[in-house]
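Just so you know, ligand 1 is whichever comes first in the structure, and atom 1 is the first atom listed for that ligand.
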Amino acid sequence: MPKKWEIFIEDDNTPHLVISDNGVQRVPTMEECERAVSILGEEGSSVIRLHCRNTECPDKGKGWIERSRIDASKNMYHCDVCGKPMER
Ligand SMILES: [Zn+2]
C-alpha cells in the first residue's frame, strides 16, 4: 500500500495532515512536509517544479526543473544524473 496523505482529527476536533504509511498514520517527515508545501504552493499556478525523487541519486533534493503544467502532464522528464523520471 503506498503512502498517502490523510487527515487525523484530535478529540477536540483539531485537524492535522498526516501520512498513512501501509495503513498506519504517522507524522510526516520534514521532506514530506516540504514536498507538500511546494505542491500546495503551486495551486493555481501554471508552472510546476519537478525533482528527482530517486533516493540513490546524488542529485536528489538538489536539482529541479520548472515546466508548465500542461507540458509536464504531456511529457516525461528524466534526471540528468540518474536518468529516472522526475516527479513533483
Ligand atoms: Zn536523479
ask   = Does E42 come within less than 4.0 Å of R69, counting only side-chain N to carboxylate O?
value = no
key: Protein N, O or S within less than 2.8 Å of the Zn ion (ligand 1), waters excluded   = C52 SG, C57 SG, C79 SG, C82 SG
query = Can you list the other members of the hydrophobic cluster that holds I48, where links are side-chain heavy atoms under 4.5 angstrom apart?
reply = L50, I65, Y77, M86
request  = Taking salt bridge (Lys or Arg N to Asp or Glu O under 4.0 Å) as the test, write out the residues that go with R26, two or more places apart.
outcome  = D21, E32
message = Taking the basic N atoms (NZ, or NE/NH1/NH2) and the acidic carboxylate oxygens, is any pair closer than 4.0 Å for E66 and R49?
response = yes
ask   = Linking Ile, Leu, Val, Met, Phe, Trp and Tyr through side-chain heavy atoms less than 4.5 Å apart, which residues share a cluster with F8?
value = V18
inquiry  = Less than 3.5 Å apart, any donor N or O on the side chain of H51 or E87 sitting next to an acceptor on the other?
reply    = no
